[in-house]
2 protein chains.
Amino acid sequence: MADADDSTSGGLADPAEGETVTGRGSLDRRRIIDAAVSLIDQFGLRQLTMRRLGAHLGVEGMALYHYIPGRESLLDGIVETVIDELLDDSELVVVGNDWRGYLRRLALAVRRTAIAHPEVFPLIATRPSMSPWTRPPLRSLRWTETFLRTMKDCGLSDEAAIAIYRGFCSFLLGHLLLDLAGPPVDRAAAGTDPATRQSAPDAGEYPLLASIEPDSMLANSVEFEQELEWLLHRLAAMFAD
Amino acid sequence: MADADDSTSGGLADPAEGETVTGRGSLDRRRIIDAAVSLIDQFGLRQLTMRRLGAHLGVEGMALYHYIPGRESLLDGIVETVIDELLDDSELVVVGNDWRGYLRRLALAVRRTAIAHPEVFPLIATRPSMSPWTRPPLRSLRWTETFLRTMKDCGLSDEAAIAIYRGFCSFLLGHLLLDLAGPPVDRAAAGTDPATRQSAPDAGEYPLLASIEPDSMLANSVEFEQELEWLLHRLAAMFAD
DNA sequence: ACCTGAACACCGTTCAAGT
DNA sequence: ACCTGAACACCGTTCAAGT
């Protein structure tokens with residue numbers, strides 16, 4: 001009874017659930033996507049199945065089709081949700097035409113996202129098609145639009161905005177995929193698929209690879225921030241105010 | 001008869017087949033992998049199926065398991081084959097400790113590969129796990145070993161070799177994924193999956209995105225080579241001979 | 001209104017049986 | 001020796017039927 005009357009869409013009454021088993025409370029596109037992200041983080045993309053996702057939500061799998069057109073669409077939704085939530089971050093506002101400061105904060109935020117969701121980021125970077133008329137390197141139209149909008153609002157020309165956009169994206173893709181390639185930081189199970197593949201080739205075949213200490217391949221935020229500064233400096237030099 | 005005696009592994013007798021329908025001539029790990037690459041190039045990764053791959057080779061699908069442990073292993077094989085064939089390129093030899101020249105040639109070769117196999121490169125950049133003890137950003141142990149070996153042979157220290165390796169990989173990943181993100185150059189069908197997804201959102205929602213001319217997002221080899229020079233210059237400055 | 005059951009066409013993979 | 005047929009456990013997806 002109380003349940004039914006309570007269905008104002010705002011939802012101030014936070015159920016404060018655990019986190020993984022989302023339990024009841026009727027389904028919802030957003031809730032489905034969040035559950036999917038959590039499943040991917042825990043078990044890897046390969047394990048994300050409509051049926052398993054349904055079960056995780058206490059529902060029969062086929063029920064998801066009432067909220068989402070299909071699995072591909074779900075993946076698109078995940079990409080958008082994960083990348084777009086950065087835009088709503090209150091720290092991410094440009095202050096006084098300082099686009100360099102904005103980009104610095106944005107880069108660090110994207111990096112945090114990539115590291116928080118190591119199995120989702122490759123999706124963000126390599127998801128096929130989307131709309132054929134444009135396919136941004138980070139697969140969110142809204143993110144891209146906001147990026148360009150912000151650069152223009154800072155007084156940059158169209159050409160400058162696009163050049164900065166390209167340089168920034170290529171920087172992020174390269175550095176973040178490098179970071180994610182390293183030995184799993186602590187993101188335990190993810191990727192340790194039961195369908196484990198060929199046993200490690202004997203290290204003897206690759207002496208140099210075996211000799212370097214794993215730490216030198218590790219994600220390194222100091223290095224990231226330093227290279228980021230160089231990039232911003234170079235971009236600023238190209239498009240001086 | 002002649003066939004059996006002819007099985008010296010060199011294989012001078014080139015059958016000079018068409019290219020896609022590889023037809024008979026008994027199966028072979030290498031032939032299977034090549035066929036898989038060709039299928040991915042034509043129809044996209046999603047369409048690569050053990051059964052379809054079998055059919056493409058004139059065989060029943062289950063037959064592939066005599067040569068390859070499973071689909072995951074096949075994908076690993078594809079990644080290695082595509083990236084490793086660069087190493088055998090005769091132009092790719094270091095001459096007189098000129099590691100910059102070597103890296104320049106290597107970068108261009110990797111770029112050609114990425115553009116020739118746009119659906120395979122994301123695999124090279126984001127394939128999960130491999131051996132847990134090390135997972136290079138470009139997923140080939142042999143490629144990585146050769147890279148480091150070459151740098152050391154040019155007289156660079158371990159630290160320099162690794163730093164250069166990281167900088168180089170991150171550069172390639174960023175720039176090549178940016179290139180592949182652009183509008184499909186001519187790689188027709190690939191990615192135009194029949195399972196096409198949501199109809200394009202009306203361009204009105206993203207005015208800036210809609211206003212920029214697609215060309216400005218296009219793969220641009222001049223820009224690539226220029227940025228490559230800057231990278232090599234910077235690396236050389238850090239690790240002067 | 002919202003979910004389920006059963007069904008369909010397809011997977012990857014195994015294995016006994018064919019030739 | 002090399003491939004096939006049938007089978008198993010699983011997919012994504014559709015849709016009539018339940019509550």
Side-chain angles (χ1 to χ4, degrees), chain A residues 1 3-9 21-33 35-36 39-40 43-78 123 127-129 193-198, chain B residues 1 3-7 21-33 35-36 39-40 43-78 123 127-129 193-198:
Chain A
M1 257 203 195
D3 243 338
D5 281 336
D6 216 345
S7 65
T8 54
S9 71
V21 179
T22 352
R24 63 300 186 35
S26 61
L27 250 34
D28 179 339
R29 191 185 128 94
R30 180 55 194 256
R31 191 199 286 275
I32 293 174
I33 288 179
L39 273 188
I40 294 177
F43 306 111
L45 182 58
R46 297 277 327 281
Q47 304 289 335
L48 181 71
T49 263
M50 296 302 276
R51 287 165 146 111
R52 248 195 285 259
L53 178 55
H56 187 74
L57 287 160
V59 112
E60 214 37 51
M62 299 75 187
L64 303 176
Y65 289 87
H66 288 272
Y67 303 90
I68 279 171
R71 187 176 195 261
E72 289 304 297
S73 178
L74 172 64
L75 294 181
D76 286 339
I78 290 171
L123 226 50
R127 197 94 238 289
S129 209
D193 226 85
T196 302
R197 299 201 302 292
Q198 21 201 28
Chain B
M1 259 208 202
D3 242 340
D5 281 336
D6 216 347
S7 66
V21 178
T22 354
R24 62 298 184 39
S26 61
L27 249 33
D28 179 340
R29 191 185 129 95
R30 179 55 195 256
R31 192 199 286 276
I32 292 174
I33 288 180
L39 272 188
I40 294 176
F43 307 110
L45 182 57
R46 299 275 330 278
Q47 302 290 334
L48 181 72
T49 264
M50 295 301 276
R51 288 166 147 110
R52 247 194 288 259
L53 178 55
H56 187 75
L57 287 161
V59 110
E60 213 41 46
M62 299 75 188
L64 303 177
Y65 289 87
H66 289 273
Y67 303 91
I68 279 171
R71 188 177 195 260
E72 289 303 298
S73 178
L74 172 64
L75 294 181
D76 286 339
I78 291 171
L123 227 49
R127 198 94 236 290
S129 207
D193 227 84
T196 302
R197 299 200 303 293
Q198 22 199 31

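Since we're looking at a predicted model, the values are computed, not measured. Just so it is clear: chains get the letters A, B, ... in the order the sequence lines come, proteins before strands, and each one is counted from 1.
- Paired runs in DNA chain C that reach 3 or more consecutive Watson-Crick or G-U pairs, where each pair keeps both distances under 3.5 Å, cover C:4-8 with D:12-16, C:12-16 with D:4-8.
- Atom P of nucleotide dC10(C) and atom CG of L53(B) are separated by 18 Å, given to the nearest angstrom.
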Got a list of protein N/O to nucleotides 11-17 of chain C N/O distances below 3.5 Å?
unit_1, atom_1, unit_2, atom_2, d
dC11(C), OP1, R52(B), NH2, 3.1
dC11(C), O5', T49(B), OG1, 3.3
dG12(C), OP1, M50(B), N, 3.3
dG12(C), OP1, R71(B), NE, 3.3
dG12(C), OP2, M50(B), N, 3.0
dG12(C), N7, R51(B), NH1, 2.3
dG12(C), O6, R51(B), NH1, 3.4
dG12(C), O6, R51(B), NH2, 3.1
dT13(C), OP2, Y65(B), OH, 2.9
dT13(C), OP2, R71(B), N, 2.8
dT13(C), O5', Y65(B), OH, 3.4
dT13(C), O4, R51(B), NH2, 3.4

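- Rounding to whole angstrom units, CD of residue E60(A) and P of dA6(C) are separated by 10 Å.
- At least one side-chain heavy atom of I68(A) sits less than 4.5 Å from a side-chain heavy atom of R29(A).
- Listed for the R71(A) side chain is a donor-acceptor partner under 3.5 Å among the backbone atoms of L48(A).
- The minimum heavy-atom distance between A36(B) and I78(B), with the atom names listed, is CB-CD1, 3.7 Å.
- Residues L75(A) and R127(A) meet the side-chain proximity criterion, which asks for heavy atoms closer than 4.5 Å.
- Contact record, M50(B) with G70(B): CE-C, 4.4 Å, taken as the closest heavy-atom pair.
- Rounding to the nearest 0.5 angstrom, the gap separating the CD1 atom in I32(A) from the OH atom in Y67(A) is 7.0 Å.
- For the pair R51(A)/M62(A), a side-chain contact is recorded, criterion being any heavy-atom separation below 4.5 Å from C-beta on.
- Looking at heavy atoms from C-beta onward, L74(B) lies out of side-chain contact with L64(B) at the 4.5 angstrom threshold.
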